[in-house]
Amino acid sequence: RNLLRLGVFITLAFIYVPLLVILIYSMSPGETLQGWPPDGLTLSWFPKAIQDQAARDALLNSLKVGVVATALALVLGTLASLAVSRHRFFGRESITFLVLIPIALPGIVTGIALNATFTQILDLKLTLFTVIVAHATFCIVIVFNNASARLRRMSTSLEDASADLGATPWMTFRRVTLPNMRSALVAGGLLAFALSFDEIVVTNFTIGAGEKTLPIYIFETLFRPNQPGKVYAVAVIAILLSMIPVYLATRLTKN
C-alpha cells in the first residue's frame with residue numbers, strides 16, 4: 001500500500017510540478033526571469049493579462065474555433081458511431097480504423113497534410129474556417145469513441161420496442177437513442193472542445209496570417225522581452241479554462 005501511495009505521489013508530481021512552476025512564475029514581480037526562485041510574488045500580471053487586447057482576441061478566436069469544431073464533431077462523430085454500432089455492413093471495421101487514425105498521427109503530419117490540401121488542392125485562403133475544419137478532424141475521434149462506447153453498453157431492446165410500436169427511425173433516435181447517449185455526447189463534446197482549445201501544432205499550419213488562437217499567442221509572446229510575467233499569467237488562465245470542460249466531462253462519464 002505504501003508503494004502504491006508513493007507511486008501515485010510521484011505520478012502526480014511528474015504531471016503537476018511543471019504547472020506549479022508556471023503559476024509561481026506568473027506571480028514573479030520582475031519583467032525578466034532572473035532564475036529560481038523568483039525574488040517575490042505579485043498578482044499584478046493578471047490584470048495586465050486580462051486587459052491585453054491581443055490576448056483577449058486570441059481567446060475569442062480559440063473559443064470560436066472550439067465551439068464550431070466541437071459542433072461539427074458531435075454531428076459527424078455521432079452519425080459515424082451509429083453507423084458502425086447499430087448496423088452490419090462490409091468494411092465496418094475498416095471504417096472504425098480510419099475514423100481513429102487522425103488522433104494517432106503526429107500533429108505536424110496532420111498539419112502539413114491539411115495545409116497542402118487547403119492551399120494547393122482546394123486553393124483556399126487560410127482563415128479561422130480552415131482551422132475549424134482541421135480541428136474537427138481529430139475532435140470527431142473523441143466524440144466517436146465516447147458515443148461508440150455508450151452504444152456498446154446500450155441494449156437494442158428499447159429501440160426494437162419503439163420500432164414495434166410504430167415509431168419511425170427518426171422518432172426512435174430522438175426519443176430513445178439520443179436520451180440514453182446524452183451524457184456520453186456531452187462528455188465527448190467537452191473533451192473535444194478542450195483538445196481544440198489547447199491545440200497549437202495543427203493550428204500553426206492552418207491559420208491565416210495575422211490571426212492567432214490563445215496557444216499561438218502564448219507561444220509567440222513568450223520570447224518577447226519584458227513579457228514573461230504576463231504570458232505566464234495568460235497561461236495560468238488558459239489552464240484554468242481548460243480544466244472546466246475536462247472536469248465536467250469526467251463527472252458526466254461516471255453516469
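Bear in mind that the values here come from a model prediction, so they are computed numbers and not experimental data.
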| request: Just do the side chain to side chain contact (heavy atoms under 4.5 Å, CB included) check on T221 and V234 with the steps written out, would you? | output: CA-CA 10 Å; T221 310; V234 172; over 6 Å; no
| note | All heavy atoms of P102 vs all of T110, minimum pair found to be O-OG1, 4.3 Å
| Distance (rounded to the nearest 0.5 Å) between L214 CG and L63 CG | 8.5 Å
| note | Taking every heavy atom of V201 against every heavy atom of G107, the minimum-distance pair comes out as CG1-C, 3.5 Å
| Cluster question for you: counting only ILVMFWY and a side-chain heavy-atom cut-off of under 4.5 Å, with indirect links fine, are L76 and L100 together? | yes
Anything under 3.5 Å between a donor and an acceptor, one on a side chain of residues 1-10, the other on a protein residue two or more places apart or in another chain? List them.
none

| Under the side chain to side chain contact (heavy atoms under 4.5 Å, CB included) test, which residues partner A161, sequence neighbours left out? | none
| Residues in salt bridge (Lys or Arg N to Asp or Glu O under 4.0 Å) contact with E211, at least two apart in sequence or another chain | none
| query | What are the two closest heavy atoms between T70 and G189, and how far apart are they? | reply | CG2-O, 3.3 Å
| query | Minimum heavy-atom separation for Q51 to R56, with atom names? | reply | O-NH1, 3.9 Å
| query | Rounded to the nearest 0.5 Å, how far apart are CD1 of I200 and CD1 of I218? | reply | 8.0 Å
| task | Give a yes or no on whether I108 atom CD1 has more than 12 heavy-atom contacts from other residues, nucleotides or ligands under 6.0 Å away. | result | no
| Should V65 and L60 be regarded as members of a common hydrophobic cluster, given that ILVMFWY residues are connected when their side-chain heavy atoms come within less than 4.5 Å of each other, either directly or indirectly? | no
| ring-ring contact (aromatic ring centres under 6.0 Å, His included) partners for F129, two or more places apart | none
| Does F197 share a hydrophobic cluster with I239, counting links as ILVMFWY side-chain heavy atoms below 4.5 Å and allowing steps through other members? | yes
| said: Which residues end up grouped with F173 if you chain together Ile, Leu, Val, Met, Phe, Trp and Tyr wherever their side-chain heavy atoms are less than 4.5 Å apart? | reply: L74, L82, V143, L151, M154, W170, L178, M181, L185
| query | Can you get from L79 to V99 by hopping between Ile, Leu, Val, Met, Phe, Trp and Tyr side chains that sit under 4.5 Å apart? | reply | no
| said: Quick test of your reading: applying side-chain hydrogen bond (donor to acceptor under 3.5 Å, both in side chains), list the pairs with at least one residue in residues 188-206, sequence neighbours left out, ordered by first then second residue. | reply: H135-S196, H135-T203, D198-S242
| message | Is any side-chain heavy atom of L114 closer than 4.5 Å to one of V133? | response | no
| Do any N or O atoms from the side chain of R150 and from the backbone of N180 form a donor-acceptor pair under 3.5 angstrom? | yes
| field | Partner residues of L122 under the side chain to side chain contact (heavy atoms under 4.5 Å, CB included) criterion, sequence neighbours left out | value | T117, F118, L124
| said: Tell me whether R175 at atom CZ has more than 12 heavy atoms from other residues, nucleotides or ligands lying less than 6.0 Å away. | reply: no
| said: Return the CG to CD1 distance between L19 and I24, rounded to the nearest 0.5 Å. | reply: 11.5 Å
| task | Mind checking side chain to side chain contact (heavy atoms under 4.5 Å, CB included) for I103 and listing every partner two or more places apart, or none if nothing turns up? | result | F138, V141, I142, L195
| query | If you group Ile, Leu, Val, Met, Phe, Trp and Tyr whenever their side-chain heavy atoms sit less than 4.5 Å apart, what else falls in with V176? | reply | L158
| Does one hydrophobic cluster hold both F46 and V21, with members joined at side-chain heavy-atom distances below 4.5 Å? | yes
| Can you name the closest pair of heavy atoms from A235 and I22 and give their distance? | CB-CG2, 4.1 Å
| query | How many angstroms lie between atom CD1 of I216 and atom CD1 of I207, to the nearest 0.5 angstrom? | reply | 4.5 Å
| pair Y16-T11: side-chain heavy atoms closer than 4.5 Å | no
| task | Check step by step if side chain to side chain contact (heavy atoms under 4.5 Å, CB included) holds for I50 and I237. | result | CA-CA 9 Å; I50 295 173; I237 294 172; 4.1 Å; yes
| request: Drop me the distance from L190's CG to I244's CD1, to the nearest 0.5 angstrom. | output: 10.5 Å
| If you look at every heavy atom in A147 and S81, which pair is closest and at what distance? | CB-OG, 3.2 Å
| Transitive ILVMFWY cluster of L105, excluding itself - 4.5 Å side-chain cut-off | F97, L98, I101
| task | Please list all pairs passing the side-chain hydrogen bond (donor to acceptor under 3.5 Å, both in side chains) test where one or both residues lie in residues 57-68, with sequence neighbours left out. | result | Q53-D57
| request: Compare all side-chain heavy atoms of F144 with those of T96 and state whether any distance is below 4.5 angstrom. | output: yes
| said: Taking salt bridge (Lys or Arg N to Asp or Glu O under 4.0 Å) as the definition, give me every residue that meets it alongside R86, ordered by chain and number, with sequence neighbours left out. | reply: E159
